[in-house]
Amino acid sequence: MRSSIILLMILSACTQKPSADTKDTSLIKEKDYIRVIEGIDEPLDHEMIQRGEVLISYSDCSECHKDDMRSKGPAFRDIAKRYPTSQVYLDLLARKVISGGTGSWGNPIMSPHPEINEDDAKAMVSYILSLED
């Protein structure tokens with residue numbers, strides 16, 4: 001009888017639901033991971049977004065990025081959450097696509113893509129930043 005009570009106590013301790021503190025911690029980790037940059041969003045060119053989507057679908061981006069979840073690199077939607085849709089960030093991120101980089105999202109290293117011209121890189125970034133909604 002006593003061993004049954006002890007077993008029930010152990011089982012109930014193992015099956016308790018996570019507390020609200022655990023949920024808060026995961027939200028804090030996501031916020032720290034994304035690190036939103038404040039800024040005013042400018043409208044994105046619809047044709048450029050469509051062109052960027054096509055260019056990305058024919059590129060090697062999917063080897064490291066997914067739309068909705070982290071992979072080797074950050075999710076496209078996380079990138080869109082971080083950066084305002086302004087010309088400054090379109091230019092910055094297009095240069096990162098072309099030259100590669102490291103450190104912005106932790107340890108992953110983005111390979112350089114020197115074969116992509118600046119206009120195509122900006123179109124690709126426009127598509128990525130359009131995914132925030």
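Linking Ile, Leu, Val, Met, Phe, Trp and Tyr residues whenever their side-chain heavy atoms come within less than 4.5 Å leaves Y89 and I98 in two separate clusters. The hydrophobic cluster containing L44 also contains I37, counting ILVMFWY residues as joined when their side-chain heavy atoms lie under 4.5 angstrom apart, directly or transitively. Y33 and Y83 fall within a single hydrophobic cluster, where Ile, Leu, Val, Met, Phe, Trp and Tyr side chains are chained together by heavy-atom contacts under 4.5 Å.
Each of D91, L93, L92 was compared with V125 under the side chain to side chain contact (heavy atoms under 4.5 Å, CB included) criterion, and only L93 meets it. The side chain to side chain contact (heavy atoms under 4.5 Å, CB included) test with Y58 is passed by exactly one of L55, D60, V54: V54.
T85 places a side-chain N or O within donor-acceptor distance of the main-chain N or O of E42, the cut-off being under 3.5 Å. Formation of a donor-acceptor pair under 3.5 Å by the R95 side chain with backbone atoms of A121 is not found in this model. In this structure a side-chain-to-backbone donor-acceptor pair under 3.5 Å is present from D45 to M48. Between the side chain of D78 and the backbone N or O of I34, no donor-acceptor pair lies under 3.5 Å. A distance-only check finds no donor-acceptor pair linking the side chain of H65 to the backbone of S71 [under 3.5 Å]. R77 places no side-chain N or O within donor-acceptor distance of the main-chain N or O of D68, the cut-off being under 3.5 Å.
We find the OG-CD1 distance between S130 and I49 to be 4.5 Å, quoted to the nearest 0.5 Å. S86 contributes atom OG, which lies 9.0 Å from atom CD1 of I40 (distance to the nearest 0.5 angstrom). For the atom pair I109 CD1 and S104 OG, the distance stands at 12.0 Å (nearest 0.5 Å). Taking OH of Y127 as the reference point, atom CG of D67 lies at 4.5 Å (rounded to 0.5 Å). Between the CE atom in M124 and the CD atom in E53 there is a gap of 11.5 Å [rounded to 0.5 Å].
Nearest heavy-atom pair, P112 versus S99, reported as atom, atom and distance to 0.1 Å: CB-O, 3.4 Å. In terms of heavy atoms, V97 sits closest to I116 at CG1-CD1, 4.0 Å. Smallest separation of non-hydrogen atoms from S62 and K66: O-NZ, 2.6 Å.
The shortest distance between side-chain heavy atoms of S59 and H113 does not fall below 4.5 Å. Between R51 and D120 there is a side-chain heavy-atom pair separated by less than 4.5 Å.
With salt bridges taken as basic N to acidic carboxylate O contacts below 4.0 Å, one links E118 and K122.
Annotation: cation-pi geometry not satisfied between R70 and W105 (NZ/CZ under 6.0 angstrom from ring centroid, within 45° of ring axis).
Under a cut-off of 6.0 angstrom, the local environment of CD in E47 is sparse, with at most 12 non-hydrogen atoms contributed by other residues, nucleotides or ligands.
Residues satisfying the side chain to side chain contact (heavy atoms under 4.5 Å, CB included) criterion with I128, sequence neighbours excluded, are I56, F76, I79.
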